[in-house]
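Data block below; observations after.
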Amino acid sequence: MTGRFRILALFLCLWVLFLPVASSAQNTERTSGVGFYFDTVVTVTLYGAPEGLMDIIWQDCAFYEHMLSKTVDGSDVDRINHSAGEPVKVSEETFEILKRAKEISQETDGAFSITIAPLTALWDFTGGTERMPTDEERLEKLPLVNDSLLRLEEGCMVTLPAGMEIDLGGIAKGYIADQIAAHIRDQVLGAILNFGGNVYVVGQKPDGSSFRVGIRDPLGPEGSSCAVVSVADISVVTSGIYERYFIRDNVRYHHILDPKTGSSAQTDLASATIVSESSMTADAMATACIVMGSEQALSYLSRCGADAVLILRDGTFLSTEGFEEKCGFQPLP
Ligand code: ADP
Ligand code: MG
């Protein structure tokens, strides 16, 4: 061995020797933050994140809110809703969401419809007025709900017939979770992004174990869980009838509307949880399942090969084949 090689070999030995020490000194610090975007409390927990990443996540949230919110002047959705039937150019991101929304609308025979907006405008589930439309109001708007009339053309051009409006409340949070998860994936050891029921877990916990994500008890008090899944690098999305609702004459009116009636979906389901690498797909699917009810939802989910657990209004769990093992599903006592 020449002197130069000996030095190189010594250097390599030292490097290999110190490698475990260096990696064990890796930053595993946990940081967490809470924000309010998309009309929802957003909580973020990061493990081993570089300084400033949390701020970048909030900037991303604000960016997407300005693009996708129906109530932000000048957002893509606002411009589509005020286009009076004229074509509108939107961002590639908005276009991608609209494309997926239309596909899911078709797959679900319209149970998922972003053109639901003229009907959601007739209801107030959160503002304290508990407003519900009269039958005339409801029936008058029903013909405006039809996602197949939304035209998507080359160059991100979108045309919506005059009088119709869209609302991305059932899909946008999933898309944003996907984007932020992809953005931070290489910068953290692990992370939990929670957009009010749209959870994305990135990587693993610093000790190498999977994250345990609680499934909200749809029949219990706020914050209570009735089951958990143990997962890594995946999204867990729940839609439920407990989120925004009021009760009148013993009927629970909640914020997921049946596009065929314009009223709250009155099915046997209390919640639907989908586990998927695409939070956007899971978000739209979960909303659609509530509208479809357990029987149709299970056949739709198995057709799509989706992993899901449905909770009936009587508390029964129904899951897709192999869900327990795949997602480490455990009901809680
Ligand atoms: P959340 O946004 O509360 O997590 P969902 O993902 O189930 O719950 O979305 C519900 C929201 O989607 C409603 O607030 C409304 O904006 C919109 N929406 C309601 N009914 C439908 C429907 N049938 N298809 C698509 N979007 C819907
Ligand atoms: Mg949804």
Side-chain angles (χ1 to χ4, degrees), residues 36-43 64-65 68-71 77 81 97-98 100-127 133 138 141-142 144-148 150 164-178 193-200 215-216 218 222 235-246 253-267 269-276 278-293 296-297 300 306 308 310:
F36 191 77
Y37 296 91
F38 335 111
D39 212 12
T40 303
V41 177
V42 178
T43 58
Y64 286 116
E65 184 161 51
L68 304 170
S69 172
K70 186 174 167 290
T71 53
V77 171
N81 287 345
I97 300 170
L98 296 177
R100 190 72 185 115
K102 264 182 77 112
E103 282 167 10
I104 295 175
S105 184
Q106 202 173 13
E107 281 169 15
T108 61
D109 192 23
F112 182 79
S113 295
I114 54 170
T115 51
I116 195 78
L119 277 147
T120 49
L122 299 176
W123 293 82
D124 181 16
F125 299 104
T126 49
R138 204 165 39 80
K141 300 287 185 193
L142 274 183
L144 299 175
V145 183
N146 184 348
D147 282 16
S148 70
L150 176 72
M164 290 177 67
E165 283 190 26
I166 58 167
D167 172 356
L168 300 181
I171 190 169
K173 286 189 292 243
Y175 177 82
I176 296 159
D178 286 334
L193 310 171
N194 188 345
F195 297 81
N198 258 85
V199 177
Y200 210 118
I215 296 176
R216 162 80 195 264
E222 206 179 323
S235 183
V236 182
V237 180
T238 303
S239 272
I241 62 168
Y242 50 81
E243 201 77 55
R244 293 154 198 241
Y245 71 94
F246 59 83
Y253 294 97
H254 58 86
H255 74 318
I256 298 174
L257 303 184
D258 182 341
K260 298 214 159 58
T261 65
S263 192
S264 272
Q266 297 300 329
T267 62
L269 283 181
S271 76
T273 299
I274 321 281
V275 179
S276 167
S278 167
S279 197
M280 166 165 66
T281 296
D283 192 359
M285 275 185 167
T287 305
C289 285
I290 298 293
V291 175
M292 293 194 269
Q296 265 192 55
Y300 166 61
L310 309 177

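Both counts, for ligands and for their atoms, begin at 1 and track the order of listing. Side chains are part of it too, since the values below use all heavy atoms of this structure and drop only hydrogens, waters and symmetry mates.
Distances between N or O atoms of Ile116 and those of ligand 1 include no value under 3.5 Å. Checked against a 3.5 angstrom limit, the closest N/O atoms of Phe112 and ligand 1 fall outside it. For the pair Ser113 and ligand 1, the shortest N or O to N or O distance falls below 3.5 Å. An N or O contact shorter than 3.5 Å links His255 to ligand 1 by distance. Annotation: Gly169 places an N or O atom under 3.5 Å from an N or O atom of ligand 1; distance criterion only.
Heavy-atom separations between Ala111 and ligand 1 include at least one value shorter than 4.0 Å. Ligand 1 has no atom lying under 4.0 Å from any heavy atom of Gly197. Using a 4.0 angstrom heavy-atom cutoff, Ala286 does not count as in contact with ligand 1.
Taking 2.8 Å as the criterion, Thr287 counts as a coordinating residue of the Mg ion (ligand 2), since one of its N, O or S atoms falls below it. Among the atoms of Gly170, an N, O or S atom is found under 2.8 Å from the Mg ion (ligand 2).
Under 4.0 Å from ligand 1, not a single heavy atom of Ala284 appears. Counting heavy atoms closer than 4.0 Å to ligand 1, residue Ile256 contributes atoms from both its backbone and its side chain.
Annotation: cation-pi pair Arg216/Tyr242 present, NZ/CZ under 6.0 Å from the ring centroid and within 45° of its normal.
Counting non-hydrogen atoms of neighbouring residues, nucleotides and ligands closer than 6.0 angstrom, the CD atom of Glu103 exceeds 12 such neighbours.
Judged purely by distance below 3.5 Å, without hydrogens or angles, the side chains of Thr71 and Ser69 pair a donor atom with an acceptor atom.
Of all N, O or S atoms in Asp283, the one lying closest to the Mg ion (ligand 2) is OD1.
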